[in-house]
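Let me begin by handing over the structure; questions about it come next.
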Amino acid sequence: MKEGADIRAGESIKWPEGVAEARRLQEELSKRVRLAPLRKRPVTVAGVDASFTADKTVAVITVFEYETLRPLEEAHCVLETSFPYLPGYLSFREGPAILCAAQRLGFMPDVLIFDGQGIAHPRRLGIASHMGLLLGRPSIGCAKSRLVGEYREPPPEKGAESPLYLDGRVAAAVLRTRAGVKPVFVSAGHLITLREAVEVVLHCAVRYRLPEPLRAADGLSKRLRRALQQRS
DNA sequence: GCGACAG
DNA sequence: ATCTTGTCGC
């Protein structure tokens with residue numbers, strides 16, 4: 001068990017060496033996820049995403065003003081990739097670089113939107129829940145496709161949604177952010193409710209399928225990746 | 001054994 | 001996620 005820099009006072013971040021260890025960590029951490037209502041209307045909202053080269057992970061966090069969706073700040077971090085992509089274990093692959101980028105921000109955003117699942121996960125600890133917990137901030141999972149759960153296709157209108165069930169419970173909302181476009185899978189990550197998560201995603205998805213902060217983070221991380229590859 | 005499977 | 005150009009459709 002390796003240890004990284006402290007994100008939250010008094011507690012060090014642990015990164016597992018293998019899948020068995022990762023799974024145990026998820027089962028342990030998921031007990032600490034809290035889906036409580038936001039304590040205040042967010043003033044800032046961030047998008048978090050990552051890109052990859054053959055051996056490196058490029059994580060990007062873009063921060064916007066919630067009300068106007070004007071860009072405020074962005075931070076990124078490039079780290080050696082140390083965990084493979086395995087469905088259900090995405091946070092162990094992208095997590096280290098994401099936390100590194102988070103520490104480079106001038107201030108912590110009021111809510112962070114991740115490119116992946118929140119609690120709509122086999123052990124209820126998708127990347128949004130995992131990172132939200134470690135950062136101690138409200139987080140939302142906004143995935144482009146399904147990991148687990150069952151659902152019915154939502155109506156084609158913008159704003160239409162249908163529940164995604166997992167273990168007989170609603171774990172996410174399959175949400176249409178643009179009319180006639182493939183829906184996104186929104187789930188609560190940490191310190192937020194599903195209803196609020198949907199509200200935030202719809203508020204931020206004004207022009208494209210993905211909420212503005214996520215789309216910006218995606219674009220920037222890909223540009224940074226290309227810059228890295230040309231330089232080697 | 002076979003199919004599913006965030007990014 | 002990444003490898004890659006043009007092309008079909010609104």
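Naming convention: chains lettered A, B, ... in sequence-line order (proteins, then strands); numbering from 1 in each chain.
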Practice task
Determine, answering yes or no, if A/Tyr85 is stacked on C/dA1 under the 5.5 Å centre rule and the 30° plane rule.
Solution key: no
Handout entry: Distance, rounded to the nearest Å, where A/Leu214 contributes CG and B/dA6 contributes C1'
Key = 12 Å
Practice task
Taking only the side-chain nitrogens and oxygens of A/Lys144, find out if one of them lies under 4.0 Å from OP1 or OP2 of B/dG7.
Solution key: yes
Problem - Aromatic ring proximity A/Tyr151/A/Phe185, centre distance under 6.0 Å - result: yes
Exercise for the section: Would you mind classifying the nucleic acid contact of A/Phe83 as base, sugar-phosphate or nothing, using non-hydrogen atoms under 4.0 angstrom? Expected result: nothing
Handout entry: Minimum side-chain heavy-atom gap A/Asp49-A/Val60 below 4.5 Å
Key = no
Practice task
Find the distance A/Leu210:CG to C/dA1:C1' and express it as a whole number of Å.
Solution key: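 Value for this atom pair: 14 Å.
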Handout entry: Whole-Å distance separating the CZ atom of A/Phe114 from the P atom of C/dA1
Key =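 After rounding, the reported distance stands at 16 Å.
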Practice task
Give A/Gly141 one of three labels, base, sugar-phosphate or nothing, depending on what nucleic acid heavy atoms sit under 4.0 Å from its own.
Solution key: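 Nothing, no heavy atom under 4.0 Å.
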Exercise for the section: Please check the phosphate of B/dG7 (OP1 and OP2 only) for any side-chain N or O of A/Arg93 closer than 4.0 Å. Expected result: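 Negative; the distance criterion is not met.
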Practice task
Would you kindly give the OH-to-C1' distance between A/Tyr151 and B/dC5, to the nearest whole Å?
Solution key: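 Interatomic distance, OH of A/Tyr151 to C1' of B/dC5: 13 Å.
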Handout entry: Side-chain N or O of A/Arg225 closer than 4.0 Å to phosphate OP1/OP2 of C/dC3
Key =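 For C/dC3, OP1/OP2 do have a side-chain N/O of A/Arg225 under 4.0 Å.
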Practice task
Rounded to the nearest angstrom, tell me the gap between atom CZ in A/Arg209 and atom C1' in C/dC10.
Solution key: 18 Å
Exercise for the section: Can you figure out which of C/dC3, B/dG7, C/dA1 approaches the side chain of A/Gln229 most closely? Expected result: C/dC3
Completion exercise
In whole angstroms, the gap separating C1' of C/dC3 from NZ of A/Lys222 amounts to 13 Å
Exercise for the section: Would you indicate, yes or no, if C/dT2 has its OP1 or OP2 atom less than 4.0 angstrom from a side-chain nitrogen or oxygen of A/Ser51? Expected result: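 For A/Ser51, the contact criterion (side-chain N or O under 4.0 Å from OP1 or OP2 of C/dT2) is met.
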Exercise for the section: Provide, to the nearest angstrom, the distance between the NZ atom belonging to A/Lys182 and the C1' atom belonging to B/dA6. Expected result: 11 Å
Problem - Ion pair check, A/Glu161 and A/Arg176, cut-off under 4.0 Å - result: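 A salt bridge is absent here (no side-chain N lies under 4.0 Å from a carboxylate O).
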Problem - Intermediate values then yes/no, salt bridge (Lys or Arg N to Asp or Glu O under 4.0 Å), A/Glu199 and A/Arg195 - result: CA-CA 6 Å; A/Glu199 195 175 289; A/Arg195 204 35 49 200; over 6 Å; no
Problem - Distance below 4.0 Å between A/Ser145 side-chain N/O and B/dC5 OP1 or OP2 - result: no
Handout entry: ring-ring contact (aromatic ring centres under 6.0 Å, His included), paired with A/His130, selected from A/Phe114, A/Phe92, A/Tyr89
Key =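 Testing each of A/Phe114, A/Phe92, A/Tyr89 against A/His130, the sole residue satisfying ring-ring contact (aromatic ring centres under 6.0 Å, His included) is A/Phe92.
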Problem - Nucleotide nearest A/Arg146 (side chain, heavy atoms from C-beta), chosen from C/dA1, B/dA4, B/dA6 - result: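 So the side chain of A/Arg146 is nearest to B/dA4.
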Exercise for the section: Rounded off to whole Å, could you give me the CG-to-P distance for the A/Leu86 and B/dA4 pair? Expected result: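 Taking atom P of B/dA4 as the reference, CG of A/Leu86 is at 19 Å.
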